S.K.: 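Sending over a structure as structure tokens; questions will come in a sec.
Fair warning: this is a prediction, and the values are worked out from it, not measured in the lab. All residue numbers in this chain count up from 1 along the given sequence.
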Amino acid sequence: MDQLSLREKKGANYVLMEMNGACNAYTISEFREKVYNNITQTNVVLDMSAVTQVDSSGIGIILAGFNDGLKNKTKLFIMNPSDKARYALEKTGFYDTFYIIHSVTEVSDA
């Protein structure tokens, strides 16, 4: 079965979530909870460099988190998406919608 491990690190104006593994319907419950709980308070950075798969469920959580950020005057950033994560985001047509960064130093206050 697929797994997704999440490791949280807090910065001055963001929470960094280091993601490792598959982000799909079987693995998203903890991911959904952490994104939704944090985006109302601060910026969220998803380090997707070690993501091996993203399905429509994972994309849905990311898009919902992005939209919740807009409502709460915070931002959801995607940092260094793996080739598979980038492909999944591009395939949906939402890739250009997201804030794509290469380092947490690019996180700005919302």
S.K.: Any idea which heavy atoms bring Tyr36 and Ala64 closest together, and the distance?
M.R.: OH-CB, 3.3 Å

S.K.: Working note: Val107 + Thr105, criterion side chain to side chain contact (heavy atoms under 4.5 Å, CB included); need CA distance, chi angles, decisive distance, verdict.
M.R.: CA-CA 5 Å; Val107 175; Thr105 60; over 6 Å; no

S.K.: Mind checking whether Tyr87 and Phe98 sit in one hydrophobic cluster, side chains of I, L, V, M, F, W, Y counted as touching below 4.5 Å?
M.R.: no

S.K.: Do the non-hydrogen side-chain atoms of Asp55 and Cys23 ever get within less than 4.5 Å of each other?
M.R.: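 Counting from C-beta outward, Asp55 and Cys23 never come under 4.5 Å.
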
S.K.: Apply side chain to side chain contact (heavy atoms under 4.5 Å, CB included) to residues Glu33 and Val35 and explain how you reach the verdict.
M.R.: CA-CA 6 Å; Glu33 181 181 326; Val35 169; over 6 Å; no

S.K.: Less than 4.5 Å apart, side chain to side chain, heavy atoms only: is that true for Glu8 and Lys34?
M.R.: yes

S.K.: Kindly indicate, with the supporting measurements, whether the criterion side chain to side chain contact (heavy atoms under 4.5 Å, CB included) is fulfilled by Ile101 and Val45.
M.R.: CA-CA 9 Å; Ile101 61 174; Val45 178; 4.0 Å; yes

S.K.: Any chance you could measure Gln3, atom CD, to Asn20, atom CG, to the nearest 0.5 Å?
M.R.: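 Those atoms lie 10.0 Å apart.
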
S.K.: Would a 4.5 Å heavy-atom cut-off, applied to side chains only, mark Ile59 and Ile61 as touching?
M.R.: no

S.K.: I need the minimum non-hydrogen distance between Pro81 and Tyr95, along with the two atoms involved.
M.R.: CG-OH, 4.3 Å

S.K.: Do the side chain of Asn43 and the main chain of Asn13 share a donor and acceptor less than 3.5 angstrom apart?
M.R.: yes

S.K.: Can you tell me how far CG of Leu76 sits from CE of Met17, rounded to the nearest 0.5 angstrom?
M.R.: 7.5 Å

S.K.: Is atom NZ of Lys84 surrounded by more than 12 heavy atoms (other residues, nucleotides or ligands) closer than 6.0 Å?
M.R.: no

S.K.: Tell me if a side-chain donor or acceptor on Ser82 pairs with a main-chain N or O of Ala85 at a distance below 3.5 Å.
M.R.: yes

S.K.: Do the ring centers of Tyr14 and Phe77 come within less than 6.0 Å of each other?
M.R.: no

S.K.: Distance check, rounded to the nearest 0.5 Å: Asp68 atom CG versus Leu70 atom CG?
M.R.: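 The CG atom of Asp68 sits 9.0 Å away from the CG atom of Leu70.
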
S.K.: Can you tell if the side chain of Leu16 reaches within under 4.5 Å of the side chain of Met79, non-hydrogen atoms only?
M.R.: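 Side chain of Leu16 against side chain of Met79, heavy atoms only: contact under 4.5 Å found.
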
S.K.: How many angstroms lie between CG in Asp83 and CE in Met48, if you round to the nearest 0.5 Å?
M.R.: 12.0 Å

S.K.: Do you know which two heavy atoms are closest between Lys10 and Val15, and how far apart they sit?
M.R.: NZ-CG2, 4.0 Å

S.K.: Met19 versus Leu46: any side-chain heavy-atom pair under 4.5 Å?
M.R.: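 In contact.
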
S.K.: Rounded at 0.5 Å granularity, tell me how far CD1 in Ile39 sits from OG1 in Thr74.
M.R.: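 One finds 3.5 Å between CD1 of Ile39 and OG1 of Thr74.
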
S.K.: If you define the side chain from C-beta out and look only at heavy atoms, does anything of Val44 sit under 4.5 Å from Phe66?
M.R.: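 A side-chain contact under 4.5 Å is absent here.
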
S.K.: To check you understand the geometry: which heavy-atom pair defines the closest contact between Thr27 and Ala22, and what is its length?
M.R.: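 Heavy atoms of Thr27 and Ala22 come nearest at OG1-O, 2.7 Å.
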
S.K.: Do Ser49 and Asp47 meet the criterion of a side-chain donor-acceptor pair at a distance under 3.5 Å?
M.R.: yes

S.K.: What do the steps show when you test Leu89 against Thr97 for side chain to side chain contact (heavy atoms under 4.5 Å, CB included), and what is the final call?
M.R.: CA-CA 10 Å; Leu89 294 167; Thr97 302; over 6 Å; no

S.K.: Quick check against the 3.5 Å criterion: does Gln41 have a side-chain atom that pairs as donor or acceptor with the backbone of Asn37?
M.R.: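 Flag not set: sc Gln41 to bb Asn37 has no pair under 3.5 Å.
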
